[in-house]
Amino acid sequence: MQDVSSLVAQAREGRPRAVARLISLVEGASPQLREVMAALAPLTGNAYVVGLTGSPGVGKSTSTSALVTAYRKQGKRVGVLAVDPSSPFSGGALLGDRVRMSEHASDPGVYIRSMATRGHLGGLAWAAPQAIRVLDAAGCDVILVETVGVGQSEVEIASQADTSVVLLAPGMGDGIQAAKAGILEIGDVYVVNKADRDGADATARELNHMLGLGEARAAGDWRPPIVKTVAALGEGVDEVVEALEKHRAWMDERGVLAERRLARAAREVETIAVTALRERIGDLHGDRHLPTLAERIVAGELDPYRAADELVAGLTEG
């Protein structure tokens with residue numbers, strides 16, 4: 001068993017091994033997870049969480065690395081959660097984005113962690129909210145969450161980040177993909193990366209047009225900016241940081257940031273509660289309660305809604 005209070009204290013001092021162990025406890029759904037979350041609760045709420053999403057190949061890892069550089073120049077501590085697909089064999093992160101951010105590996109002011117989705121849809125790992133709490137409590141000023149890059153199911157990042165950045169690149173049909181994915185509804189800042197390629201201006205124009213066709217905005221509402229970058233060369237990255245800071249200031253001024261964080265906490269509680277209920281339902285398989293209900297449905301003796309009511313009643317009584 002880990003000494004949680006000692007790990008939390010060491011994480012607050014910026015010791016990467018302690019942060020790594022805490023996140024490992026989160027990912028492994030350790031029996032000590034409740035103790036970890038209780039210890040972290042008073043220490044969180046200070047970090048600015050930025051989500052980066054987009055189709056594979058748009059340069060999310062390169063852009064994330066460039067943002068780390070920009071924030072480190074400002075003297076800020078940065079945490080990165082790079083969510084990768086799961087290995088079908090080990091269940092671990094398949095790509096390991098840390099390899100692509102190796103230039104920051106020796107920087108004590110940067111903590112980078114690859115996390116596996118473990119089959120979780122939406123481009124995020126199921127443990128991402130708790131891992132964000134660990135990095136927040138460990139003193140990170142900014143936390144960058146890079147999603148897996150699976151395309152149309154990546155909108156979940158909007159529910160976990162304070163600000164969502166959507167990356168596109170010319171020549172990849174991203175305009176159509178954005179419309180399909182609902183990405184026009186989740187982006188707070190849009191970045192056309194690889195802007196040194198032909199078609200970058202056209203991609204930005206198309207995106208601007210599509211944003212203009214979206215829902216009407218009242219005076220004072222946030223209008224997502226479109227920033228062109230060449231992340232591999234560091235070009236345009238300062239403009240992205242400026243756009244992020246403007247969005248954060250706008251949210252602070254209008255109370256939007258507090259609203260988003262309240263909604264995020266509510267979803268986190270709901271997810272934990274639903275998971276617990278599913279585990280209890282799974283326990284019912286052993287006493288034939290659920291299979292018996294299924295047999296009655298097949299026999300026409302019971303409809304699925306009545307069966308669900310009986311199941312819930314059984315859980316409540318239990």
Side-chain angles (χ1 to χ4, degrees), residues 1-51 68 71-72 75-84 91-93 98 104-105 107-118 120 122 124-147 156-157 159-163 248 257-280:
M1 298 285 283
Q2 303 274 2
D3 183 345
V4 172
S5 59
S6 176
L7 283 179
V8 171
Q10 291 175 36
R12 292 287 288 174
E13 294 171 2
R15 299 187 186 181
R17 285 189 179 181
V19 177
R21 286 175 182 169
L22 288 171
I23 293 181
S24 293
L25 290 175
V26 167
E27 284 194 287
S30 166
Q32 293 181 280
L33 183 54
R34 288 177 179 269
E35 184 183 356
V36 170
M37 288 299 112
L40 296 180
L43 307 173
T44 59
N46 301 308
Y48 177 41
V49 183
V50 178
V68 171
Y71 278 119
R72 287 299 291 146
K76 295 182 178 180
R77 292 185 65 188
V78 184
V80 178
L81 289 181
V83 184
D84 286 333
R98 284 173 292 184
H104 304 293
D107 186 344
V110 179
Y111 182 87
I112 301 172
R113 175 77 172 225
S114 290
M115 298 184 71
T117 57
R118 302 186 185 222
H120 184 79
L124 288 179
W126 74 271
Q130 286 77 35
I132 289 171
R133 286 182 179 277
V134 172
L135 293 177
D136 188 356
C140 290
D141 300 300
V142 180
I143 300 171
L144 304 175
V145 184
E146 178 197 335
T147 67
E156 188 178 333
I157 186 60
S159 69
Q160 298 298 337
D162 296 324
T163 298
R248 184 178 186 177
L257 184 58
E259 290 175 4
R260 289 191 175 190
R261 291 181 174 179
L262 281 172
R264 190 159 75 218
R267 275 189 295 268
E268 192 174 353
V269 172
E270 182 181 6
T271 299
I272 292 169
V274 169
T275 300
L277 286 172
R278 282 176 178 164
E279 289 175 354
R280 292 186 64 185

Quiz item: Tyr111 ring centre to Arg77 NZ or CZ under 6.0 Å, with the angle to the axis within 45°?
Solution: no
- [ ] Would you check, one step at a time, whether the test side-chain contact (heavy atoms from CB on, under 4.5 Å) holds for Val145 with Val50?
- [x] CA-CA 6 Å; Val145 184; Val50 178; over 6 Å; no
Problem - Tyr48 vs Thr163 side-chain heavy atoms within contact, under 4.5 Å - result: yes
Of all heavy-atom pairs linking Leu40 and Ala137, the shortest is CD2-CB, 3.5 Å
*Are side-chain heavy atoms of Ile272 and Gln130 found at a separation under 4.5 Å?*
yes
**OP:** Scan side-chain atoms only and decide if Thr44 and Asn46 contain a donor-acceptor pair under the 3.5 Å cut-off.
**Re:** no
Would you confirm whether Asp141, through its side chain, and Ala47, through its main-chain N or O, come within 3.5 Å as a donor-acceptor pair? no
Rounded to the nearest 0.5 angstrom, the CE-CG distance for Met37 and Leu22 is 8.0 Å
Nearest heavy-atom contact between Leu81 and Ala128 is CD1-O, 4.1 Å
Tell me if a side-chain donor or acceptor on Arg264 pairs with a main-chain N or O of Gln160 at a distance below 3.5 Å. yes
Closest non-hydrogen contact found for Ala161 with Gly51 is CB-N, 3.4 Å
Shortest non-hydrogen pair, Ala39 vs Val4, comes out as CB-CG1, 4.2 Å
Heavy atoms of Arg261 and Gly45 approach each other most closely as NH1-O, 3.3 Å
Exercise for review: Determine yes or no for a side-chain-to-main-chain donor-acceptor pair under 3.5 angstrom, with Arg72 supplying the side chain and Lys76 the backbone.
Suggested key: yes
When rounded to the nearest 0.5 Å, the distance separating OG of Ser24 from CZ of Arg17 is 12.5 Å
So OG of Ser30 and CD of Glu35: to nearest 0.5 Å the spacing works out to 9.0 Å
d(Arg12 CZ, Leu43 CG) to nearest 0.5 Å is 4.5 Å
- Would you call Arg260-Asp162 a salt bridge at under 4.0 Å N-O? no
Glu27 with Arg113: basic N within carboxylate O range, under 4.0 Å: yes
**OP:** Check whether any side-chain heavy atom of Val36 lies under 4.5 Å from a side-chain heavy atom of Val8, and answer yes or no.
**Re:** no
Between the CD1 atom in Ile132 and the SG atom in Cys140, the distance rounded to the nearest 0.5 Å is 11.0 Å
Practice problem: Step by step, work out the side-chain contact (heavy atoms from CB on, under 4.5 Å) result for Ile112 and Val68. | Solution: CA-CA 10 Å; Ile112 301 172; Val68 171; 5.8 Å; no
For Val26 and Ala131, the nearest pair of non-hydrogen atoms, with its separation, is CG1-N, 4.1 Å
For this session: Would you sort out whether Ile143 and Asp136 count as a side-chain contact (heavy atoms from CB on, under 4.5 Å), showing the intermediate values?
Result: CA-CA 8 Å; Ile143 300 171; Asp136 188 356; 4.2 Å; yes
Rounded to the nearest 0.5 angstrom, the CG-CZ distance for Leu262 and Arg267 is 10.5 Å
